Amino acid sequence: MQIWKIPSPKSLVREEGVETLETPTQAKIRITNVLLTPSDLRVWRGSVKPQYPVVPCRFAVGIVGEAGADCLSVEKNTRVYLRDSLPCGQCEQCLSGHGENCLHMQTAGMDREGFLRDFAVAEESALCALPPSVSDTDALFVGVVSLCEAVIDRLNAPKGSHIAVFGAGEIGNLLCQLLIYHQAVPILIDSDEKRLSAAAACGIYYTLPADEQLLPSIARLTGGRMAACSVYTSYNTMPADLPYEATSVGGTVVYTGYGFPSTKTSLKPALDRRLTLTAVTDSYNNCTAAINLLVNKAVNLAPIAPEVFSAAEAEQLFASRAEEMAEGKNVKCCALNLL
Ligand SMILES: [Zn+2]
């Protein structure tokens with residue numbers, strides 16, 4: 001089998017390895033597709049530093065090639081999404097049997113090995129079976145949809161609430177689509193026109209450029225009340241304190257994404273408005289719900305469909321995309337087909 005590793009920043013090497021089942025509750029999966037996200041590029045660049053060497057890629061889909069004797073929910077040829085976050089097994093929550101509330105979720109491609117490899121061995125509990133109506137490329141977004149659902153749970157906003165969403169990358173886009181599905185009214189804000197037009201093509205009706213007219217525009221859309229809650233997706237080009245004045249007094253601002261850059265903000269506007277600031281970064285509980293949302297076509301992925309590349313292009317792809325990122329461009333997710 002082949003496995004790609006980032007041994008140190010700015011390098012991706014391919015190695016041969018062997019994967020065998022160690023317990024009867026494990027399965028061996030032929031990885032078919034992985035998503036290459038900006039987060040993987042930051043690991044490659046070294047702007048985010050996991051413990052190297054690390055196998056990149058957090059999101060993956062595959063087919064079970066061999067299932068251990070005690071596997072109940074998967075068998076040979078079951079198509080699966082591989083859970084991107086897993087409980088650590090060691091914290092107080094995990095030790096008291098509440099792994100779903102783990103304090104130190106282990107993220108693939110960051111805290112544990114990722115999925116840029118042709119085979120992986122995983123516990124059955126780390127796999128979610130995929131129905132035939134969800135394509136491989138759509139299923140690569142199960143983790144993003146799960147994260148967005150965790151954000152929506154945290155917002156706990158009544159139906160009809162205006163939610164300002166900062167950042168129109170994959171997370172911001174899918175979050176707005178899901179907010180509409182849950183009968184909230186998202187207002188999507190970005191400084192990148194292209195991302196806003198992709199969002200409009202996905203059916204998100206209120207999109208605003210992040211310019212000097214932003215706050216008056218939000219006031220107009222909300223009848224002067226401003227957004228009940230705001231969500232700021234990390235690593236966008238807007239200031240992290242922009243949500244404060246866009247949010248109504250006593251509202252909530254959720255920061256989300258795959259990790260956060262070090263940020264300085266002036267807290268005063270948030271304190272004056274008595275805002276609740278919180279963060280959502282993982283999504284262990286929502287995989288099945290996310291798959292159901294994809295089955296029910298709750299989101300339109302076509303306008304943000306990732307370009308698909310072959311595994312042979314991986315090394316060159318990391319280098320070229322990371323270069324675009326270094327130039328300050330918004331880099332879209334793309335997919336690698338490992339077959
Ligand atoms: Zn834990």
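Small disclaimer: the values here were computed from a predicted structure and weren't measured. Atoms within a ligand are numbered from 1 in the order they appear, just like the ligands themselves.
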Please list, chain by chain and in numerical order, all residues satisfying side chain to side chain contact (heavy atoms under 4.5 Å, CB included) with Thr281, sequence neighbours excluded. Phe260
Would you say Phe115 ends up clustered with Leu41 if hydrophobic residues are merged whenever their side chains have heavy atoms under 4.5 Å apart, either directly or through other cluster members? yes
Applied to residues 28-38, the side-chain hydrogen bond (donor to acceptor under 3.5 Å, both in side chains) test, sequence neighbours excluded, yields Thr32-Asp136, Asn33-Asp136, Thr37-Asp40
Close to the Zn ion (ligand 1), meaning under 2.8 Å, how many protein N, O or S atoms are there? 4
Relative to Tyr244, does Arg273 satisfy both conditions: NZ or CZ under 6.0 angstrom from the six-membered ring centre, and within 45 degrees of the ring's axis? no
Any pair with a residue in residues 323-339 that passes side-chain hydrogen bond (donor to acceptor under 3.5 Å, both in side chains), sequence neighbours left out, goes on the list, sorted by first then second residue, please. Asp192-Asn330, Glu327-Lys329
Flag yes if more than 12 heavy atoms outside Glu313 fall under 6.0 Å of its CD atom; otherwise flag no. yes
